[in-house]
Amino acid sequence: MVERQWKKRGYEITGTNSDKQFPAIFARTSDDFRMSVVVGAKGQFFFEVITPCFVDSEVEPPKTEDNGTPFEGSTVPSLSLRPLRLLVPGHPCFLHTLTGGCR
């Protein structure tokens with residue numbers, strides 16, 4: 001169903017995984033956005049979009065203190081885990097996510 005809709009919108013399907021338990025589909029738009037839908041453990045669906053690379057620009061430091069839950073020394077809830085396999089290998093920004101720099 002996702003594949004039909006993405007093709008109908010003119011998106012290029014760049015990969016699929018037809019695994020019965022963990023299917024996935026990967027696509028690219030005409031302006032080089034990459035996206036995927038992946039089914040994970042316990043029936044979770046992950047929808048991810050990767051934007052084209054941007055030119056570096058100055059960004060002001062945050063004006064507020066962090067207020068998220070620190071997980072040092074504790075167990076991270078399973079719903080918060082994001083495996084790297086959700087990234088699209090071969091996309092120029094795949095390395096950006098792993099190394100902090102777009103190539």
Sorted by chain and number, sequence neighbours left out, side-chain hydrogen bond (donor to acceptor under 3.5 Å, both in side chains) with D19 holds for none
Looking at every heavy atom in both W6 and A27, which two are closest together, and how far apart are they? CE3-CB, 3.4 Å
Tell me which pairs pass salt bridge (Lys or Arg N to Asp or Glu O under 4.0 Å) where either residue lies in residues 6-15, with sequence neighbours left out. E3-K7, E12-R28
State, to 0.1 Å, how close S36 and F26 come at their nearest heavy-atom pair, and which atoms those are. CB-CD2, 3.4 Å
Listed partners of V49 passing side chain to side chain contact (heavy atoms under 4.5 Å, CB included), at least two apart: F33, M35, F47
Linking I/L/V/M/F/W/Y whenever any side-chain heavy atoms sit under 4.5 Å apart, do Y11 and F45 land together? yes
How would you list, by chain and number, every residue that makes a side-chain hydrogen bond (donor to acceptor under 3.5 Å, both in side chains) with T16, sequence neighbours excluded? none
Over 12 foreign heavy atoms within 6.0 Å of CG, D66: no
Using the side-chain hydrogen bond (donor to acceptor under 3.5 Å, both in side chains) criterion, which residues pair with K63? Sequence neighbours excluded. E60
